[in-house]
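A quick note: this is a predicted structure, and the numbers were derived from the prediction, not measured.
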Amino acid sequence: MKKNWIYFLLIGGAIAYFYGKRKLQQSIKFSFESIKLSGTKIIVRLGMLNPSGSSANLNSIVGSLIIKGNEVATVENFTKVKISPKSKSFIDLTITPSGLGILSTVKSLIKKGGLKNLSAQFRGNANIDGITVPIDINYSI
């Protein structure tokens, strides 16, 4: 009889754990904070808003950077970032565009004074505590 209670508690604990993770996945929101040019690389800063009382870990993020409707580069980052509870955390993604033509296009869009009407989009997925979270955010000036 005691074994049944132990199994019941273990199953209940596992359900509560996965329910909490699922709820955390639904509550974390991403924001597109900034886009900068550094030499031949693009630095995109994303914000991660966590309104829940639980901390989480961003394990990886992959996606595409789209500027003015054109895919400029594929983004991948496998650096672990802690997302603190009830706060906003940041991750900087360093992107190397493929092809010189894309780089010159991006330079002309991002140079000082050339930011008017800049529209960028980041579309991809993040792995937060083993759960995939889709990302589709826009940035415009």
Side-chain angles (χ1 to χ4, degrees), residues 2-141:
K2 282 186 179 182
K3 284 186 180 183
N4 289 341
W5 280 104
I6 292 172
Y7 290 133
F8 179 73
L9 289 175
L10 287 174
I11 291 171
I15 289 171
Y17 173 80
F18 287 112
Y19 176 75
K21 291 296 179 186
R22 181 74 175 160
K23 197 166 177 152
L24 179 65
Q25 173 202 15
Q26 294 170 341
S27 66
I28 289 181
K29 301 294 180 208
F30 284 86
S31 61
F32 205 138
E33 297 296 318
S34 66
I35 183 168
K36 298 178 198 172
L37 189 63
S38 175
T40 60
K41 298 184 188 295
I42 303 169
I43 312 267
V44 171
R45 174 168 261 209
L46 299 181
M48 299 169 287
L49 302 147
N50 182 2
S52 76
S54 302
S55 66
N57 289 308
L58 172 73
N59 297 320
S60 63
I61 189 166
V62 295
S64 298
L65 177 64
I66 301 161
I67 296 181
K68 292 209 174 195
N70 297 317
E71 185 174 322
V72 174
T74 301
V75 181
E76 55 194 40
N77 188 311
F78 300 99
T79 304
K80 200 173 205 178
V81 176
K82 183 177 181 175
I83 306 170
S84 300
K86 296 182 183 177
S87 68
K88 186 176 194 177
S89 302
F90 298 96
I91 184 168
D92 291 326
L93 303 172
T94 303
I95 303 164
T96 305
S98 54
L100 294 173
I102 293 173
L103 184 59
S104 64
T105 302
V106 172
K107 278 186 178 181
S108 69
L109 289 171
I110 298 179
K111 278 184 182 174
K112 285 187 178 179
L115 289 175
K116 275 191 170 183
N117 299 319
L118 174 68
S119 62
Q121 181 180 25
F122 183 83
R123 199 179 306 153
N125 292 298
N127 177 316
I128 298 176
D129 285 342
I131 298 171
T132 301
V133 178
I135 305 169
D136 190 358
I137 49 178
N138 296 306
Y139 181 80
S140 61
I141 294 179

Engineer: If you define the side chain from C-beta out and look only at heavy atoms, does anything of L65 sit under 4.5 Å from L93?
Structural biologist: no
Engineer: Taking all non-hydrogen atoms of both residues into account, name the closest pair between G130 and N59 and its distance.
Structural biologist: N-ND2, 3.5 Å
Engineer: Checking N50 side chain against S52 main chain: does a donor-acceptor pair fall under 3.5 Å?
Structural biologist: yes
Engineer: Roughly how far, to the nearest 0.5 Å, is CD1 of I66 from CG of N138?
Structural biologist: 9.0 Å
Engineer: Just wondering, do I95 and F122 contact through their side chains at under 4.5 Å, heavy atoms?
Structural biologist: no
Engineer: Would you compute the distance between atom CZ of F30 and atom CD1 of I137 and round it to the nearest 0.5 angstrom?
Structural biologist: 7.5 Å
Engineer: For F78 versus S60, what's the shortest heavy-atom pair and its separation?
Structural biologist: CD2-CB, 3.4 Å
Engineer: Rounded to the nearest 0.5 Å, what's the gap from CG on D92 to CZ on R45? Could you check?
Structural biologist: 4.0 Å
Engineer: Would you confirm whether D129, through its side chain, and N57, through its main-chain N or O, come within 3.5 Å as a donor-acceptor pair?
Structural biologist: yes
Engineer: Less than 4.5 Å apart, any side-chain heavy atom of F32 and any of V44?
Structural biologist: yes
Engineer: Checking side-chain contact (heavy atoms from CB on, under 4.5 Å) between S89 and each of I83, I28, L49, which is the one that passes?
Structural biologist: I83
Engineer: Which distance, rounded to the nearest 0.5 Å, do you find between the OG of S31 and the OH of Y139?
Structural biologist: 11.0 Å
Engineer: Any heavy-atom pair between the side chains of I128 and M48 that's under 4.5 Å?
Structural biologist: no
Engineer: L46 and I61: side-chain contact (heavy atoms from CB on, under 4.5 Å), yes or no, with the steps?
Structural biologist: CA-CA 11 Å; L46 299 181; I61 189 166; 3.7 Å; yes
Engineer: Could you pull out the closest heavy-atom pair between T132 and P134, with the gap in Å?
Structural biologist: O-CD, 4.0 Å
Engineer: Quick one: pull up CD1 in I135 and OG in S64 and give me the separation to the nearest 0.5 Å.
Structural biologist: 11.0 Å
Engineer: Test: salt bridge (charged side-chain N to carboxylate O under 4.0 Å, His left out). Region: residues 82-91. Which pairs qualify, not counting sequence neighbours?
Structural biologist: E33-K88
